Amino acid sequence: MEFFDEAAASRLFRQILQALNYCHQMNIVHRDLKPENFLFVSQSDDSDLKIIDFGLSKILDGGRLHRMQTRAGTPYYISPEVLAGNYDVSCDMWSAGCMLYILLCGYPPFYGDNNNEILAMVQRGVFEFDGEEWETISNEAKDLIKKLIVRPERRLTAAEALQHPFIRHYDSSSNTKTQTV
């Protein structure tokens, strides 16, 4: 499978986080985040991303603590709390974590031969960094994924994820650089 090196993945993921941060500040939850819902603005190698398809999105009047019940999303990216029908805006961050996982290795953290098998794995919420693709991936990248694909009360917000060392390390506009472990 194809995947991105860490610098490219971080650059793309920063844009995903910036889009989510903006949406969440505006009290909008996307609810169907997946790579297909991001488009490159141009064919340039350093093209910006644009978030699309707000068909399942919801405008919240209560912000992050507003609870939703409608099951919405795509099996590879849906969070366990969405499946349970009791979730908030943080469901987007789980989906983002699944996208980062895929950007770095080329395959999803939760898989199966059919949707029921995928959803059963999502409900368990257990994933691994197995495979030779992960041997060269930094601990910082893995740490960010672990802080996104986690129970909602421990999950980073988009604003918090933008400050994570994996994102800041490759951010040319950041004054603080960290070393990749």
Side-chain angles (χ1 to χ4, degrees), residues 1-57 59 64 73-79 89-111 127-150 155-181:
M1 300 211 97
E2 291 186 38
F3 49 94
F4 293 87
D5 66 32
E6 286 195 40
S10 179
R11 187 183 77 74
L12 291 171
F13 198 63
R14 181 181 330 102
Q15 291 183 62
I16 290 167
L17 291 173
Q18 288 168 335
L20 285 176
N21 191 43
Y22 178 79
C23 287
H24 294 170
Q25 286 176 345
M26 297 294 113
N27 291 326
I28 298 169
V29 58
H30 191 281
R31 299 198 305 183
D32 194 23
L33 286 177
K34 55 188 172 186
E36 298 88 339
N37 285 340
F38 287 87
L39 296 177
F40 288 102
V41 174
S42 72
Q43 293 184 9
S44 168
D45 286 344
D46 62 347
S47 175
D48 287 335
L49 289 177
K50 191 180 279 193
I51 190 172
I52 64 166
D53 192 359
F54 285 84
L56 294 177
S57 67
I59 299 173
R64 181 178 168 93
T74 301
Y76 287 121
Y77 309 96
I78 198 167
S79 68
V89 69
S90 71
C91 69
D92 282 348
M93 299 310 298
W94 172 285
S95 302
C98 293
M99 289 174 52
L100 178 57
Y101 188 102
I102 292 169
L103 284 171
L104 290 168
C105 74
Y107 53 85
F110 308 105
Y111 51 86
F127 65 95
E128 298 174 345
F129 297 113
D130 284 343
E132 62 185 52
E133 302 86 1
W134 291 104
E135 291 173 6
T136 59
I137 301 297
S138 70
N139 289 334
E140 290 173 338
K142 293 174 188 174
D143 181 68
L144 179 54
I145 292 168
K146 287 187 227 177
K147 289 179 176 173
L148 295 172
I149 305 177
V150 67
R155 197 173 298 153
L156 295 180
T157 65
E160 291 167 341
L162 282 164
Q163 298 306 312
H164 190 277
F166 175 69
I167 299 301
R168 293 181 59 85
H169 176 82
Y170 296 103
D171 184 358
S172 60
S173 67
S174 172
N175 291 330
T176 305
K177 301 287 184 186
T178 59
Q179 292 242 336
T180 303
V181 178

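Index from 1, following the sequence. The model shown is predicted, which means the values in this text are computed figures rather than measured ones.
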Starting from the C-alpha separation in whole Å, work towards a yes-or-no answer on side chain to side chain contact (heavy atoms under 4.5 Å, CB included) for Leu17 and Met93.
CA-CA 9 Å; Leu17 291 173; Met93 299 310 298; 3.6 Å; yes
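- Under the side chain to side chain contact (heavy atoms under 4.5 Å, CB included) test applied with Ile102, the options Phe4, Tyr107, Tyr77 reduce to a single match, Tyr77.
- Ring planes of Trp134 and Tyr101: tilted class, angle from 30 to 60°.
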For Arg155 and Trp94: C-alpha separation, side-chain torsions, deciding distance, then whether side chain to side chain contact (heavy atoms under 4.5 Å, CB included) applies.
CA-CA 8 Å; Arg155 197 173 298 153; Trp94 172 285; 3.3 Å; yes
Can you check side chain to side chain contact (heavy atoms under 4.5 Å, CB included) on Ile51 and Tyr22, steps first, answer last?
CA-CA 11 Å; Ile51 190 172; Tyr22 178 79; over 6 Å; no
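- Of all the heavy atoms in Cys91 and Val29, the pair that sits closest is SG-CG2, 3.8 Å.
- Formation of a donor-acceptor pair under 3.5 Å by the Ser47 side chain with backbone atoms of Val41 is found in this model.
- Atoms CG and NZ, on Leu104 and Lys142 in that order, are 10.0 Å from each other to the nearest 0.5 Å.
- Closest approach of Tyr170 to Glu6, counting heavy atoms only: OH-CB, 3.5 Å.
- Within the 3.5 Å criterion, the main-chain N or O of Tyr76 finds no donor-acceptor partner in the side chain of Thr74.
- Within the 3.5 Å criterion, the main-chain N or O of Gly55 finds no donor-acceptor partner in the side chain of Asp32.
- Atom-to-atom distance recorded for Leu100:CG and Lys147:NZ is 13.5 Å, nearest 0.5 angstrom.
- Between the CG atom in Leu12 and the CG atom in Asp46 there is a gap of 10.5 Å [rounded to 0.5 Å].
- Taken to the nearest 0.5 Å, the CZ atom of Arg11 stands 10.5 Å off from the CD1 atom of Ile16.
- Remark: side-chain polar atoms of Ser138 are paired, donor with acceptor, to backbone N or O of Ala141 under 3.5 angstrom.
- Panel note: side chain His30, backbone Asp53; a donor-acceptor pair is recorded below 3.5 Å.
- Looking at Phe40 and Leu49, their side chains come closer than 4.5 Å, going by heavy atoms from C-beta outward.
- With sequence neighbours excluded, the residues that form a side chain to side chain contact (heavy atoms under 4.5 Å, CB included) with Glu160 are Leu156, Thr157.
- Residues satisfying the side chain to side chain contact (heavy atoms under 4.5 Å, CB included) criterion with Asp5, sequence neighbours excluded, are Ala7, Ala8.
- The CZ atom of Phe13 lies 9.0 Å from the CG atom of Leu162; values are rounded to the nearest 0.5 Å.
- Here the closest heavy-atom approach between residue Cys98 and residue Ile149 is recorded as N-CD1, 3.7 Å.
- Atoms CE and CG, on Met99 and Leu20 in that order, are 8.0 Å from each other to the nearest 0.5 Å.
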